[in-house]
Amino acid sequence: MTDGPDAAFRRFVAAERDTLLAEALRLTGDPDRAEDAVQRALARTRLHWGRRGADPAATAADALPAAADRGGQLLESLDDRPPPVRGPAAGWRLDADAAATDALGRARRQRRLRTGGLAGAALATLVAAVLVVPEAPGGPPAAPAGRAAPERPAEVEVLTGPTRGSLAGDAAVVGAARSADWGPLTPPPVAERQVVLATDTPHGRVVLVAGTVEGDVRGVWLTGPAGAPVEQLRPYVPQTLGPHRPAALLVGGPGSASLVVVTAPGDEVQVSPRLQVGPRGTVGRTYDPVPSDGGLAVTAVPTTAAGTGTSVRVLRGGATVYRAAVAAADLPAGPAQVPPLDPLDPLRPAAVRPADRLVTEALTAIAVPLGAEPAALEPQLLWSGVLPMPEVPGSVAVVVGRSPGGGLVVTTRAGQLGSGGAGRTVGCGVSTPPGATEVAGLVVARVCDLSSPEAEPSAEGRWLVVTAPAPATAAAVLDARGGVLATVPLPDGGGAVLLPPGARGVRTLDAAGAALAEVPVSAVATEPFGDYGSGEVR
């Protein structure tokens, strides 16, 4: 074997793959998904190999969360799935050498595709077929050897006529809707507007009008009580709208509300009312089909005082073309709508009590996706502390809730808040240990990014927050190879330091310096907790 880049990459895979597999298994809860995610992350690492300033371990670790979340849903089924087995007993399909060979093949194919060598890529695919790890359940199925992959369903106009809904035949309503005021949005000329939807639902009247202004597709929802004249309907401007994109809106709530989904005729609409966290810590959504007629579906869904955990999925020709959260016209979403919670006593001897706003926002951010009110999560404050930032000190809280499905949900939130509670807060990520986990024994290592909003994330704004139970008095911050980068004192059950470059794990230590536990630094979340989906599925 020559000592070139491929040989160095093979040595890297042999040294780092077990760590990557363990992290991927933690992220996905499924050995097959985990192994496939690691292969994609390794292929990306080889593509970036040798670039100036590139750290292979950092490249692989940074690529892993997106690779693990590929395909949207994390697990289609929760509690009927056997718990994952960690370590070598997980039965990985590839050994380290085969994994390196597969990743090298993936990287070569991606490089050829990027440079236009389509014919060469097709040949490479056939040669390496026996080494490629199959796609995880829920992702696009692999095409049989020698057969072209199925084409993505064609784009179909959605924001077009004829008008859908129970009021489509009411010329007076449709005419008034076409002429209605769009609020702050500049509308197209009346003659160029399309009334896409006009209908009454159990929770009110809903109208959708769309058009184009200087090549920009715009639209407005009009909502109000059932039977109300169009002039009395309130405008609601959607943040995203497109001629081929399904559109959805909730009216009513809190409690039961009506979900309205506009699609292309013939599309199948499926709805997931909330995220599920099972007793083993598995996370996922279950989607059920709802009746649809001519490109319109109306169904009842539950909501909470601060929002909804609902996600909509649209299928065309059996393939998912859209998956996303839904906007709520009648729910001014946010922690301000949540009834005040009783102050929580920290489980660890925290020297500083967090601001009420910090705890409320932390709980709301996990409660809404779970379809629950924050107080129903049996919340506990694990630890809170100070981030020694200049001018306005930062604060951080680690909060634990119990999902309706029995799993634990651990969330960390940080902020720079003045004495009156004004300022900004950021989420630092969520983890879901099994429900049987002893809360008092949790070790949490999270990155909280309080960089200036006007600047890119910087070393001056990224904090590593660690909390651990007694007898831990400090935590060693480790790089990918186990070297110590920094030490975090834990005088009151937790502490924080500016994130050292290359930090990958934390080892807690007792007063004598003996190791107690070792956990990875949790990956920075790239999507909000909830697995709602982000729109078109490509």
- [ ] Could you check Tyr287 against Arg323 for side-chain contact (heavy atoms from CB on, under 4.5 Å), going step by step and ending with a plain yes or no?
- [x] CA-CA 11 Å; Tyr287 288 79; Arg323 193 175 76 93; 2.9 Å; yes

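In this structure, the side chains of Val439 and Gln380 come closer than 4.5 Å at one or more pairs of heavy atoms.
For CG of Asp95, the number of neighbouring non-hydrogen atoms (other residues, nucleotides, ligands) closer than 6.0 Å is greater than 12.
Side chain of His203 to main chain of Gly253: no donor-acceptor pair is present (N/O by atom type, distance under 3.5 Å, no hydrogens or angles). Without hydrogens or angle criteria, Thr508 side chain to Ala517 main chain gives a donor-acceptor distance under 3.5 Å. At distances below 3.5 Å, at least one donor-acceptor pair connects side-chain atoms of Arg353 with backbone N or O atoms of Leu344. With Gln416 contributing its side chain and Thr425 its backbone, the two residues share no donor-acceptor pair below 3.5 Å.
Across Ala61 and Leu20, no two heavy atoms sit closer than the pair N-CD2, 4.4 Å.
Listed by chain and number, the residues in a side chain to side chain contact (heavy atoms under 4.5 Å, CB included) with Ala503 are Val477, Leu485, Leu499, Pro500 (sequence neighbours excluded).
Distance CG/Asp62 to OG1/Thr45: 9.0 Å, rounded to 0.5 Å. Residue Arg285 holds its CZ atom at 9.5 Å from CZ of Arg274, rounded to the nearest 0.5 Å.
The residues Asp492 and Arg348 are annotated as not salt-bridged, no charged nitrogen and carboxylate oxygen being separated by less than 4.0 angstrom. Using a 4.0 Å cut-off between charged side-chain N and carboxylate O, Arg40 and Glu35 make no salt bridge.
Applying the disulfide bond (SG atoms under 2.5 Å apart) test to residues at least two apart or on different chains, none of the pairs has a partner in residues 477-536.
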